[in-house]
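Each remark here refers to the structure printed beneath this line.
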Amino acid sequence: MALASRANLRNVAIVAHVDHGKTTLVDAMLQQTNSFTAHEHVEERAMDSNELEREKGITILAKNTAIQYEGEHATNGAMTINVIDTPGHADFGGEVERGLSMVDGVCLLVDASEGPLPQTRFVLRKALEANKPVILLVNKTDRPDARIDEVVAESQDLLLGLASDMSDEHPDLDLDAILNVPVVYASGKAGRASSVKPENGSLPDSEDLEPLFAAIIEHIPAPQYDDEAPLQAWVTNLDSSPFLGRLALLRVINGTIRKGETVAWVKADGTHSNVRVTELFMTRALDRYPAESGGPGDIVVVAGFPDITIGDTLADPEDIRPMPAIEIDDPAISMTIGANTSPLVGKVKGHKLTARMIKDRLDRELVGNVSLKVLDIGQPDAWEVQGRGELALSILVEQMRREGFELTVGKPQVVTKRVDGKVHEPYEHLTIDAPEEYLGAITQLLAARKGRMEGMSNHGTGWVRMEFVVPARGLIGFRTEFMTQTRGTGIANSLAAGYEPWAGQIITRNNGSIVSDRSGVVTPFAIIALQERMSFFVQPTEDVYEGMVIGENSRADDMDVNITKEKKLTNMRAASSDSFESMTPSRILSLEESLEFAREDECVEVTPEAIRIRKLVLNAGDRQREYSRLKKQAEQKG
């Protein structure tokens, strides 16, 4: 065995917390290396190609780009830098784990004002577990509230804290490298970086990103390989083409893969078969181009494997050496997804309604989303879908809605475990930044959700940072209430903190639901008559049905109302004589808000045109009988 390396290649992942500027920085790297032609129109945040990513302003899928660097630090001619843009949210942790399996080092990006946040800890831990060297990049140094020295100190404390936490499990950690992490200061939006610390609130002294490229070339090791080993290529991502079918994105570990050659395709269960590589592509900027071969360290795309999945290996048929499976953290949140069973199902022609279509779509999602699980719950038209968090599951439902599916989605639940005969539930480490006048309201809000405060710090800026450990159940529906309490100013971020014993009953919503007692069309007359005692989610002229939740009660119990009531006309008054100026505008809930609002006896009806909350049992009489039965059971147990 003789180790060799490729000096003209670097593979680096950019990891960070949500909204710290990863994708904007990659934009600047592409622009400054002339990756786009003069006439090419490129959108801002070019790597966020998914429509939902653009709307929400977050990265959901790990994606790669290849930069051809020919600057002053490329001493051996042109260099290729493969950059993986990873999500910053722990709910998409499966994407982070896959991204890290493709690279030899990471660039940890931290906001110069906010500093390290829970997701920073999450992505950094994953990088250290994989033994990847780290470059610390302090971004947004030109923010007026930048505090660069403190953020660097906090980041180094975080690195040391993680290293000490992991020292027992990972005794081979290089503590010297962690202590001497190189620091680069940058403004991704301005396209400037420097190894010299600028003043707080000012731009780095360099006019471009050359210092960042220098740090990547110096501190990220070149891909190493065994020049005597046979072909080993690891499938880390999937894509599809209307012409070529399924495409596999893979990192070549050893050997060379060539277009047209026959390779051994090793599946996760250990079985293997010989398949021909029909097409092979390399990446340049955001485009793929046909290539003849890919060597060690290259990230290539191949076609010809109809059912290939993430974690599979392509190997030499004469000497098969499979790669290990990609390890993914267990899911913590689940929800039931099934066919739409409401009276308004199928009102629009062309929607996808059947259970078979929904199951096929969920199975397709499993192929590319390694952190998702779909379980059979014994019903022909509904399945339990488990994922890392509420956001990951709501993104899946939103994507299906946009593809034309009609669904019934249950309230998110936590995935429990039994440890020593006792029920344990997942907990979250919650970090909150908010103006200090809301300190009491936030503490009260989280106390009701069984949260315990772990720490609090005040930087003297009028803002306070609080850290809590809260059951994951307690955070379902928390964000809407939190934003209301802090008048939209608070920032909350959470991270999985393991399993602890069941915390007992948590009441997350004090107000009851307003339920329609009949089918019909909403009338302004009915809304005006009722709005003093409740707020509504429906608009005039909207279709409703019996059992549909149409608003929020001001009291704790549910109330059935007639929202379709019309004013009886007489020959003394015309229908148009009433004034509707006194009608309070309705609250239109988004998908996430609807999932948060729904109680255990409610679910969310999702269609491409509308999102409605409804009772699981639509008939009011049946609901009352079910409530009485459960109450009697509880009394007998008590």
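All heavy atoms count here, side chains included; hydrogens, waters and symmetry mates do not. Note that the numbering runs from 1 along the sequence shown for the chain. In this text the structure is predicted, and so the values were computed from the model without any measurement.
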### Query
Any side-chain heavy-atom pair from Asp558 and Arg599 closer than 4.5 angstrom?
yes
### Query
Is the backbone N or O of Thr584 less than 3.5 Å from a side-chain atom of Gln531, with the two atoms forming a donor-acceptor pair by type?
yes
#### Entry: Contacts of Lys267 that satisfy side chain to side chain contact (heavy atoms under 4.5 Å, CB included) - sequence neighbours left out
Trp265, Asp269, Thr271, Asp312
#### Entry: Short N-O contact, Asp360 and Arg356, less than 4.0 angstrom
yes
### Query
Is it true that Arg623 and Asp560 make a salt bridge, defined as a side-chain N closer than 4.0 Å to a carboxylate O?
yes
### Task
Tell me, yes or no, whether the heavy-atom count around Lys565 atom NZ, taken from other residues, nucleotides or ligands under 6.0 Å, exceeds 12.
no
### Audit row: Val385, Leu372, side chain to side chain contact (heavy atoms under 4.5 Å, CB included) steps and yes/no
CA-CA 7 Å; Val385 182; Leu372 214 64; 4.0 Å; yes
### Message
Let's go through Ser628 and Lys632 carefully: what are the C-alpha distance in whole Å and the side-chain angles of both, what is the deciding distance for side chain to side chain contact (heavy atoms under 4.5 Å, CB included) to 0.1 Å, and is it a yes or a no?
### Response
CA-CA 6 Å; Ser628 301; Lys632 195 177 288 183; over 6 Å; no
### Query
Which pair of non-hydrogen atoms, one from Met534 and one from Asn553, has the smallest distance, and what is that distance?
CB-CA, 4.3 Å
### Query
Are the side chains of Leu446 and Ile432 in touch, meaning some heavy atoms are under 4.5 Å apart?
yes
### Query
Any side-chain heavy atom of Lys347 sitting closer than 4.5 Å to one from Glu609?
no
### Query
Per the side chain to side chain contact (heavy atoms under 4.5 Å, CB included) rule, which among Arg401, Glu593, Glu592 passes with Ile611?
Arg401
### Query
Does atom CD of Glu532 have more than 12 heavy-atom neighbours from other groups under 6.0 Å away?
no
### Query
Quick one: does Lys450's side chain have a donor or acceptor within less than 3.5 Å of a partner on Gly504's backbone?
no
### Query
Donor-acceptor pair, Ser513 side chain versus Val515 backbone, under 3.5 Å?
no
### Task
Please check if atom CZ in Arg555 has more than 12 non-hydrogen atoms from other residues, nucleotides or ligands closer than 6.0 Å.
no
### Short side-chain donor-acceptor distance under 3.5 Å, Arg473 and Thr416
no
### Task
Calculate, to the nearest 0.5 Å, the distance between atoms CG and CD belonging to Leu591 and Glu398 respectively.
6.0 Å
### Query
Do any pairs count as a side-chain hydrogen bond (donor to acceptor under 3.5 Å, both in side chains) and have a residue in residues 536-546, sequence neighbours left out, and if so which ones?
Tyr545-Glu605
### Query
With distance as the sole test, does Lys411 use its side chain to make a donor-acceptor pair with the main-chain N or O of Ala598 at under 3.5 Å?
yes
### Message
To check you understand the geometry: which heavy-atom pair defines the closest contact between Pro380 and Ala355, and what is its length?
### Response
O-CB, 3.9 Å
### Message
For Leu530 versus Asn562, what's the shortest heavy-atom pair and its separation?
### Response
CD1-O, 4.2 Å
### Message
Is any side-chain heavy atom of Ile550 closer than 4.5 Å to one of Val522?
### Response
no
### Task
Apply the test side chain to side chain contact (heavy atoms under 4.5 Å, CB included) to residues Ile358 and Lys352: give CA-CA distance (whole Å), side-chain angles for both, the deciding distance (0.1 Å), then the verdict.
CA-CA 8 Å; Ile358 292 166; Lys352 297 167 186 170; over 6 Å; no
### Message
Treating Ser594 as the side-chain partner and Ile613 as the backbone partner, does any N or O pair qualify as donor plus acceptor under 3.5 Å?
### Response
no
### Task
Taking all heavy atoms of Glu425 and all of Ala503, pick out the closest pair and write down the distance.
OE2-N, 2.8 Å
#### Entry: Carboxylate-amine/guanidinium contact Glu626 Arg629, below 4.0 Å
yes
### Query
Do side-chain atoms of Ser334 reach the backbone of Val415 as a donor and acceptor pair under 3.5 angstrom?
no
### Query
Counting only N and O atoms by type, is there a donor-acceptor contact under 3.5 Å from the side chain of Thr408 to the main-chain atoms of Gly338?
no
